Amino acid sequence: MGSAGTAARTVARGRVAISRHLATTPGRLRLAAALLVLTAIAFGLVARHAAGERREAVQSVAVTERLLVSAVELSISLSNTHAIAAFGFLRGGPERPASRRSYKVALAQSGVAVAEITRAIGASPGRGPAVRRITRALPMYSGLMESARSNSRQGFPVGNAYLREASQTMRNVMLPSARDLYEIEAQSLTHGYRAGVSRGLLLAAGLAGCALLAALAWTQLFLARATRRIVNPALALATVLLLGLAVWIGVAFAVQHDALAEAQRTGSDPVELLTATRILASRAQADESIALAARGGGEGEKRLQDVDRGFQAVTRPIPGLLIHAADVSGTSVKSIDAAYRQYLAAHADVVTQVKRGLFDQAVTLAVQHGADGRPSTDAAGDVLNRALEREAARAQARFEAATARADRALNGLSAAIPGLTAACLVLALFGVRRRLEEYR
Amino acid sequence: MIRRARGMPWRALCAAAALVLVGCDSISDDAQNRSLRALAQPVAAPAGFDAPARPRPCAREDFAPSRLPPVGRMPDGSFMEHILERGKLHVGVDQNTLRLGYFNPTRGSMEGFDIALARAVARAIFGRSRDRIVFTAISTAQRDDAIKDGKVDLVASAYSITCKRMRTMLFSSVYYRAQQKLLVPEDSQVESLSDLRGERVCATNSSTSIGSIAGTGVVPHPVELRPDCLVELQEGRVAAITADDSILFGFRLQDPQTKIVGDCINLERYGMAINRSHPEFVGFVNGVLERLGADGLEDIRHHWLRELPAPTNAEIRRCGRLPDRLRAEIAADRRRSEDRLADSRRRWRRTLAAPPVVELYHCDRDCSRRASS
């Protein structure tokens with residue numbers, strides 16, 4: 001009983017002593033100094049963290065978007081490789097050296113695209129399995145293609161079966177994996193944008209700033225009343241410094257937010273929409289040429305009528321994508337639209353010939369020259385692809401400029417926040433200390 | 001989405017707003033969701049295993065060959081006249097079966113036993129077959145629908161006559177008898193189906209062969225097209241292929257490291273398939289086959305399948321014989337058939353030189369049961 005009672009009495013005595021001390025002016029001043037130190041440290045840490053988080057998000061957005069573009073390139077180069085190979089085999093007659101060459105070039109490009117994406121992705125989580133699937137399937141695919149080729153050169157129909165097997169590897173493993181990769185990058189891009197404009201830490205920094213401001217105001221009010229001097233220059237300067245820093249942070253975050261939103265609206269959104277269009281257009285073109293080479297249903301591919309339906313299904317979202325791309329970026333997609341129309345017209349000509357059973361004419365329309373001086377579907381597809389590429393490159397440039405602007409906005413801030421907060425704290429403590437010394 | 005004014009005033013507004021920690025929300029997933037949706041392609045469903053329902057033996061209706069009209073002068077109102085006016089004979093074929101029906105990439109044309117017969121039909125209508133035939137490549141599973149929907153006039157694709165198929169389409173006379181056998185790697189010890197218990201055996205989906213290995217203890221491995229089986233064997237994914245020896249013969253030519261083994265699992269009778277609404281065309285095709293004669297048919301067979309010994313009559317009898325317990329069923333079925341055919345005879349008398357006759361039995365799986373047990 002004795003010791004507990006003593007402890008309680010000691011605590012009570014301590015409390016009394018502290019409250020008595022706080023009732024005195026020096027006590028109040030010491031309390032003010034402690035509050036200033038605490039709030040300044042809180043504000044400095046939280047604000048710096050908020051700025052760092054946003055800057056990191058901006059940088060990750062820039063990196064992810066580049067990965068997204070490489071995933072698209074991979075997907076397109078794979079589907080081109082297959083279209084070239086299948087067309088070369090299926091059109092009949094002896095193999096042409098030119099088609100063999102372009103197949104090897106396309107295959108090498110796919111290999112390079114795989115290597116590049118592997119290097120760019122490194123060991124980042126989530127992307128590994130998709131890349132591994134493609135890396136494993138590519139040599140298998142080219143092996144099946146070589147079996148198809150050597151059998152076909154001997155006139156053995158089993159070559160077609162190997163070609164089908166290669167097609168299935170491409171369609172069921174490689175292209176879906178490339179699409180998975182695209183989806184992963186797209187989702188992580190959205191995530192990056194969300195983090196880039198998140199307001200949780202900013203709000204916390206604002207609260208800490210208000211606390212610091214309140215501490216400064218309370219100290220000054222108290223000093224003004226206690227010393228009858230209206231202005232304490234050091235404390236006033238600290239307050240101005242804090243307000244200046246707050247304005248800087250506000251403006252910088254607003255500019256960064258605005259730049260990032262612009263990067264999405266005029267940059268990555270159109271890039272995504274246009275590259276989705278490119279993927280669909282290249283898929284439609286590959287389907288058409290394979291179906292044509294199979295003369296309307298050979299090698300177990302879908303019959304051309306079905307493929308035309310498939311073509312319609314594949315291309316159906318394209319107008320919507322283009323309108324949306326024009327809508328979000330505020331740019332014109334007239335040249336793409338014209339190229340797309342021309343492409344559709346060329347395809348329609350081919351389908352007309354196929355419906356008449358004239359496969360040779362249809363093949364001519366598809367690869368050599370179109371009807372009435374119009375381009376072949378191949379050429380029209382190339383024009384469309386180039387137009388899409390051009391517009392996507394423009395959007396890409398806008399994206400890069402905007403993300404650079406977002407990055408620049410936060411550039412000075414990560415050094416300025418700790419520096420200015422520290423200066424503010426030193427000035428405030430200096431002002432308080434001058435008054436404290438008067439009581440010694 | 002509301003379009004915002006762009007430029008400095010908006011930015012200043014935004015800055016002011018951000019200062020009071022409201023911010024301008026302009027990050028959206030709209031464009032991305034649209035792109036991802038557009039790219040989400042449906043993945044084709046894998047080929048299922050549709051074994052034919054257990055067939056019952058049945059009587060077969062065969063049409064007497066009609067006297068062939070002169071070339072280019074087909075009877076009024078007949079299907080042949082329609083083909084003549086159209087100028088093209090539409091033939092459904094398989095373009096991947098070496099020596100039966102395949103696309104020769106060097107010559108750029110279709111070739112094979114089945115193709116030669118289709119050309120004979122075209123010659124009887126047009127006087128020549130060049131440029132008069134549109135070949136449509138159809139898979140084994142697509143054959144029934146191609147005939148039913150009228151996409152092709154004739155299917156010549158190693159098509160076995162079975163009771164089930166007879167209910168939905170008409171067949172010409174039998175032009176070839178094949179035996180279902182096994183193809184195994186050259187060094188394999190397998191000699192019959194019973195050696196393959198528990199092993200994977202490849203067969204084409206919807207073929208008679210895949211039906212006849214069901215329930216024998218082997219694991220059926222269905223594929224969509226005939227040569228897919230050879231790929232499966234070469235890649236080591238199956239222990240054997242089962243199909244008609246005429247098809248296996250083509251595989252052997254493409255891969256000398258294989259051999260054809262086993263007793264006849266099932267007897268397959270090939271006929272050309274025609275839509276049920278054109279019986280006069282069946283009579284016409286039978287007329288073409290009759291005019292070719294046994295020797296003419298043998299010449300064509302010899303040209304394409306000379307290294308494959310034709311089955312002897314004894315083999316055919318042994319493989320195609322019916323168990324006694326099925327004879328009663330067949331008799332009943334024949335009576336039903338006769339009733340049905342009496343009706344048809346009245347309708348067809350106008351265009352056919354002679355009424356159809358019931359003459360041949362066919363069974364598919366029940367014979368194989370007997371053969372394998």
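For clarity, every value in this text was computed on a predicted model and none was experimentally measured. Hydrogens, waters and symmetry mates are skipped; everything else that's a heavy atom, side chains included, is used. In the text below, chain A, chain B and the rest are named by the order of the sequence lines, each starting its count at 1.
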**Complete:** Under 4.5 Å to a heavy atom of chain A? For B/E111 that would be neither

**Check: B/Y176 ring centroid to B/F113 ring centroid under 6.0 Å** = yes

**Message:** Between A/S152 and chain B, with a heavy-atom cut-off of 4.5 Å, which part of the residue counts as in contact: side chain, backbone, both or neither?
**Reply:** backbone

**Which of A/I318, A/D269, A/L273 touches chain B most, by non-hydrogen pairs under 4.5 Å** = A/L273

**Request:** Verify, without hydrogens or angle tests, whether B/D255 (side chain) and B/Q257 (backbone) share a donor-acceptor contact under 3.5 angstrom.
**Result:** yes

**Complete:** Answer key: most heavy-atom pairs under 4.5 Å with chain A among B/V93, B/D228, B/D94 is B/D228

**Item:** Option in A/T190, A/I279, A/T277 with maximal non-hydrogen atom pairs under 4.5 Å from chain B
**Value:** A/T190

**Fill in**
If one checks every heavy atom of A/E165 against chain B at 4.5 Å, the contacting part turns out to be side chain

**Message:** Does any part of the side chain of B/I115, heavy atoms only, come nearer than 4.5 Å to the side chain of B/W304, both counted from C-beta?
**Reply:** no

**Request:** Let me know if A/P157 has heavy atoms under 4.5 Å from chain B in its side chain, its backbone, both or neither.
**Result:** both

**Message:** Salt bridge check, B/R252 against B/E307: does any charged N sit closer than 4.0 Å to a carboxylate O?
**Reply:** no

**Message:** I'd like to check B/V91 versus B/D153 (side-chain heavy atoms, cut-off strictly below 4.5 Å). Are they in contact?
**Reply:** no

**Message:** Any carboxylate oxygen within less than 4.0 angstrom of a Lys/Arg side-chain nitrogen, looking at B/E232 and B/R237?
**Reply:** yes

**Among the listed options A/P270, A/A186, A/G155, the residue most often paired with chain B at heavy-atom distances under 4.5 Å** = A/A186

